[in-house]
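Quantities reported herein were computed from a predicted structural model and do not represent experimental measurements.
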Number of protein chains: 2
Amino acid sequence: MAKKKTSIKDIAEALGISITTVSFILNGKGREKRISDEMTKKVQDYIKKIGYKPSHIAQSLRLGKSKVIVLMVEDISNQFFASIARLIEEKSYKNGYKIIYCSTDNDTDKAKELIGTFKVRNVDGFIITPTPGLENVVKELLEEGVAVVLFDRWMPEVDCSYVIVENKTSAEEATRHLMDQGCRNLGFVTVDSNQTQMMDRLAGFQEALKGSKVHSSILKVKFHTIAEQYASQRILEFLTSHPELDGVFFSTNYLAFEGLQALIKLGKKIPQQIKVVSFDDHYFFNLFQPPISAIEQPIEEIAESLMESMLKQLEGTGQNENQKIVLSNKLNVRESSVLH
Amino acid sequence: MAKKKTSIKDIAEALGISITTVSFILNGKGREKRISDEMTKKVQDYIKKIGYKPSHIAQSLRLGKSKVIVLMVEDISNQFFASIARLIEEKSYKNGYKIIYCSTDNDTDKAKELIGTFKVRNVDGFIITPTPGLENVVKELLEEGVAVVLFDRWMPEVDCSYVIVENKTSAEEATRHLMDQGCRNLGFVTVDSNQTQMMDRLAGFQEALKGSKVHSSILKVKFHTIAEQYASQRILEFLTSHPELDGVFFSTNYLAFEGLQALIKLGKKIPQQIKVVSFDDHYFFNLFQPPISAIEQPIEEIAESLMESMLKQLEGTGQNENQKIVLSNKLNVRESSVLH
DNA sequence: TTGAAAGCGTTACCAA
DNA sequence: TTGGTAACGCTTTCAA
């Protein structure tokens, strides 16, 4: 039943020539090795006829490269990561690389284990949103000569290529925007994490407040996936115990979704009673009534930079500097944060 | 720099024993092959000490299996597929399989090419949302003994395992629900496609109408991704030219999103002026005001069934029947389709 | 109870 | 201009 695969050897036998010749032709070294045109043609025709494709596994073993890149994100079902994944996929397939993905849930042990599993498979590179405490593992990877690019957040202790966005600047801008719109009691809802992206957003928020008379209240909820719906209740309590708030900034979109749920429940009028801004723009922010102001990350550019940096390491000449890329975001002001 | 990898041979040399012995112990055949306990222990300790992991590539080559499953969906950045991906990932990693994903954009040529690329890599199985015209390629796969499970839609001409949902029944139920709520002029917005899932949803809609006096208007928009925002304008025109509509059924969630955008633009009151139901429930439907009624697919069960069927083929005894699994959906009635 | 060696499908060096 | 062959790292049969 299972039609056995033809190998390079079968071709050589069928054509009465050597494996070497076939291999050279397959790899386009015909000219270089000065193989006659008729021979080349004969082989190519035969290959096309029987539809032969070289075994990638064997090539990997021989070459020590697998043409596989691992995309390790926090949660592939999160819209932000899924969109990045889609773009990364496109770009890497175009360059002959396949993508294996995995989700860490921001769990260090899980991430370590996953990296271990993949080293065994000779994967050529890793694109990672690092979990806390992953420093040593990434260092090891680097020492072993594996290509690594971090994104979304980075690790100050590790000298590694990364692609991130201007978290602090954008958070500051959005906060100032709220203040410009008259907010005097701002809430900041974020996840309880020491990771750079969240720290920077908080820092931006606080920076904007410096020297102003605006009051601020901060809520840190523990890390969770949106499916858990954990934060909605916490945010509800937060909003209830801070009735003075006239503006709230969510540090990421799923917190905003949960926050909106809370605001709806409380019957708060946006933007009349409370103004809303969120990090990480999302299709729905536009659809929601009123549309929600949000900071849009340049998804396309992020994916582009990630692949560029990855390919540079993969195909590069060896000693290339680590690339540290910081991209700008865009604050999309919508009705949720402006007075009519 | 790059610390060279230790192989089974290095271990054998270091311990002054043969490769075979090491291999047997590694594969847990110590007992079976009656290798002495002290030898076993010695080897295991050494392996643990140097942190050796066998090369998966070499194993693949030798065994002809790669422990890789390809997940081929329409678009990995689509929430539905991303959620499935997340669950599939979890279940397959648990069973020692890795997942490579790719998006077809519902493009036949692209899908064919992708399948070609993966056959070369000895992947063990394919989980596929088939594009139109993929029948022959899938048949070939099956003939070659590769494990295949289709989902979301199936191909009547091909005898292949699949996991789908009760599209027709649910569409019928949702339509009847709209009729029960007093709708007399129903619109049905779908994509122009001959694929089973869309045909079945349309069939369900029409079935419900049979024998009733309810009028219906159908809009078929061409296939597109939500990023293109193509349908919003088309739906707007459709709604404008059918002012009599008092209910509309979207055959999939991204059409509903685009449709909601159109309804907002038109200033239509939901549900007072027009009632709305959509296929494929979504987090956002709950958040939208008013919350949108939708048919929820059992994502978890779908992923579960997919992996179960896949593993059965992969690890099974060979001649197992194809599994054709049809799961039930759940109509979540919300404010968008009921009178107060 | 352990070891030698063939073989999986390639690539690439060295010969011819 | 072409061919022989070692090597990549592993599993497994057969022999010792």
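- Every salt bridge (charged side-chain N to carboxylate O under 4.0 Å, His left out) that A:Asp45 has, sequence neighbours left out, goes to A:Lys41.
- Taking 4.0 Å as the cut-off between side-chain N and carboxylate O, A:Lys91 and A:Glu308 do not count as a salt-bridged pair.
- Using a 4.0 Å cutoff to heavy atoms of chain A, the contacted part of DNA chain C runs 5' to 3' from C:dG9 to C:dC13.
- Of the residues near DNA chain C, B:Ile19 and B:Ile35, the one whose nearest nucleotide (by heavy atom distance) lies more toward the 5' end is B:Ile35.
- Remark: A:Lys119 engages A:Glu140 in a salt bridge, criterion side-chain N to carboxylate O under 4.0 Å.
- Residue B:Lys65 is classed as having no contact, given no heavy-atom separation below 4.0 Å to the nucleic acid.
- The C1' atoms of five pairs define one axis at each end of the helix from C:dT1-D:dA16 to C:dA16-D:dT1, and these two axes lie 50° apart (to 10°).
- Residues satisfying the salt bridge (charged side-chain N to carboxylate O under 4.0 Å, His left out) test with A:Lys110, not counting sequence neighbours, are A:Asp105.
- Taking atom CD1 on A:Ile17 and atom P on D:dT2, their separation rounds to 9 Å, with Å as the unit.
- In this structure, B:Lys42 does not pair ionically with B:Asp37, as no charged nitrogen and carboxylate oxygen lie closer than 4.0 Å.
- For the salt bridge (charged side-chain N to carboxylate O under 4.0 Å, His left out) test, no residue two or more places apart in sequence or in another chain qualifies with A:Lys29.
- No hydrogens or angles considered: nothing links the side chains of A:Ser103 and A:Glu74 as a donor-acceptor pair under 3.5 Å.
- For A:Val137, the side-chain contact (heavy atoms from CB on, under 4.5 Å) partners at least two apart in sequence or on another chain are A:Lys112, A:Ile115, A:Leu134.
- Inspection of the B:Asn106 and B:Gln195 side chains reveals an N or O donor paired with an N or O acceptor under 3.5 Å.
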Show me the donor-acceptor pairs within less than 3.5 Å that the side chains of residues 75-83 of chain A make with the rest of the protein, sequence neighbours left out.
residue : atom : partner : partner atom : Å
A:Asp75 : OD1  : A:Ser77 : N            : 2.9
A:Asp75 : OD1  : A:Ser77 : OG           : 2.9
A:Asp75 : OD1  : B:Arg86 : NE           : 2.7
A:Asp75 : OD2  : A:Ser77 : OG           : 3.2
A:Asn78 : OD1  : A:Phe80 : N            : 2.7
A:Gln79 : NE2  : B:Ser77 : O            : 3.0
A:Ser83 : OG   : A:Gln79 : O            : 2.8

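- Partners of B:Ser23 by side-chain contact (heavy atoms from CB on, under 4.5 Å), not counting sequence neighbours, listed by chain and number: B:Ile8, B:Asn27.
- Screening residues 125-138 of chain A for side chain to side chain donor-acceptor pair (under 3.5 Å), with sequence neighbours left out, gives no hits.
- In this structure, the CD1 atom of B:Ile8 is 18 Å from the P atom of D:dA7, given to the nearest Å.
- Residue-level contact check: A:Lys29 touches the backbone only, with heavy atoms under 4.0 Å from sugar-phosphate atoms and none from bases.
- Mapped onto DNA chain C by nearest heavy atom, B:Leu63 and B:Ser18 fall at different nucleotides, with B:Ser18 at the one closer to the 5' end.
- One interatomic measurement links the two molecules: CD1 of B:Ile25 to P of D:dC10, which rounds to 15 Å at whole-angstrom precision.
- Residues from residues 41-62 of chain A that place a heavy atom under 4.0 Å from any atom of DNA chain D, listed by number: A:Leu61, A:Arg62.
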Please tabulate, one pair per line, each protein N/O and nucleotide N/O from nucleotides 13-16 of chain D that are separated by under 3.5 Å, including the distance.
none

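- The side-chain contact (heavy atoms from CB on, under 4.5 Å) check on A:Arg62 picks up nothing, with sequence neighbours excluded.
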